[in-house]
Amino acid sequence: MPTKVTKIGVLTSGGDSPGMNAAIRAVVRTGVYHGLEVYGIMRGFSGMIDDDIIRMESRSVANIIQRGGTILKTARSKEFGTPEGRKLAYENLKARGINGLVIIGGDGSFKGAQKFSNEFDIPCIGLPGTIDKDIAGSDFTIGFDTAVNTAVEAIDKIRDTMDAHDRLFIVEVMGRDAGYIALHSGIATGAENILIPETKTDIEELICSLTEKERRHKLVNLVVVAEGDNFGGGNEIAKIIKERLPTTDIRVCILGHIQRGGSPTCFDRLIASRMGYHAVECLMEGRYNVMIGILNNKLNLVPLNKAIKAKQKISGEWMKIVKILAS
Ligand code: F6P
């Protein structure tokens, strides 16, 4: 590993998340503050392979803190998964003298970074940027708060029409492997049932609870389901319910990518700024190959390989709260 980092690259990789721009801004400005040369790498690891790399100054990141998406664009690079792709990426960085990297993304991006830093002498720092909040070692990920607030705002609107028609609504939110968006938005909108990938969905229990509600003439019911539930997403759940309870008036709403866009919340801007700042500080201090997490409101440096292996766990107590409050 190089003893002193002098030129750093920053990239965003995997699914974009609101607040990534705030993180880029923090990395660039902290780097400039320390007298480093800072480079923006376009479209994640693909930009390293294609040598699509731009010099960034303080003004390059003006007026972006409030914008969703990522000015550096993002991608999931298949080529970076190959030894040839990573070698090409390394040669392009080497030719420019870039000797430190900040990767803003999810666990797939960290896996790539970990492999790369094992093979080549480029230290990597990861910033958890994903709406899914599924990375161990950090209570928050950049973008989760915005995504969950977007979901809450949408579900509140759905509730109005749902209530007007006495309907059962199934709202599908994002989360292929993680149920945090479903859990948080579901609790915050008073969902009767929340189905998430972390717990095996018990269809009999769901049907029982809906039947029991019907008996009480409680026809307005909200089911929030994460897209990665073991029974499938909203459409699949609706089909099963319709088969078992044919008279129920059901509608499905799939919120989809709307949850990934929009202006980041104050909270996401704050954690992105804090994490971006610490990423550069870590590189300056020679603390390499870690992810910057925030745990119990304190900075938590997690070795990249640990951030990859473990997921955040959903406590059983949350599910108990859902059941008690949904009566
Ligand atoms: O990882 C974030 C995420 O939004 C997941 O919740 C979702 O399953 C996935 O990305 C969707 O990815 P894509 O944009 O490739 O459809």
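All ligand and atom numbering here is 1-based and tracks the order in the structure.
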- line: of all protein heavy atoms, closest to atom 15 (O) of ligand 1 is Arg76 NH1, 2.7 Å
query: Going by heavy atoms in the side chains, are Phe231 and Leu195 under 4.5 Å from each other?
result: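 Counting from C-beta outward, Phe231 and Leu195 never come under 4.5 Å.
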message: For atom 3 (C) of ligand 1, what's the nearest protein heavy-atom neighbour? Residue, atom name and distance, please.
response: Arg260 NH1, 3.5 Å
message: A side-chain contact here means heavy atoms from C-beta on lying under 4.5 Å apart; do Val225 and Thr201 qualify?
response: no
statement: For Gly175, the ligand 1 atoms with a heavy-atom partner under 4.0 Å come out as 6 (O)
message: Taking 4.0 angstrom as the limit and counting only heavy atoms of Ile131, give me the atoms of ligand 1 inside it, by number and element.
response: 4 (O)
query: With a cut-off of 4.0 Å, which atoms of ligand 1 are near a heavy atom of Glu227?
result: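 By the 4.0 Å cutoff, the relevant atoms are 5 (C), 6 (O), 7 (C), 8 (O).
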- prompt: If you measure from atom 6 (O) of ligand 1 to every heavy atom of Val173, Ile181, Asp132, which option wins on shortest distance?
  reply: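 Nearest heavy atom to atom 6 (O) of ligand 1 lies in Asp132.
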message: With a 6.0 Å cut-off (strictly less than), is the heavy-atom count around CD of Glu243, excluding the residue itself, greater than 12?
response: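 Atom CD in Glu243 is crowded, with more than 12 foreign heavy atoms closer than 6.0 Å.
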field: Protein contact of atom 13 (P) of ligand 1 - nearest heavy atom, named by residue and atom, plus distance
entry: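 The protein heavy atom lying closest is His257 NE2, 3.6 Å.
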query: Once you round to the nearest 0.5 Å, how far does CE of Met275 lie from CD1 of Ile292?
result: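 The distance works out to 8.5 Å.
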query: Should we say atom NZ of Lys7 is surrounded by more than 12 heavy atoms from elsewhere, each under 6.0 Å from it?
result: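 Yes, NZ of Lys7 has more than 12 neighbouring heavy atoms, counting only those of other groups under 6.0 Å.
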task: Please step through side-chain hydrogen bond (donor to acceptor under 3.5 Å, both in side chains) for the pair Asp145 and Thr265, ending with a clear verdict.
output: CA-CA 7 Å; Asp145 188 62; Thr265 57; 2.7 Å; yes
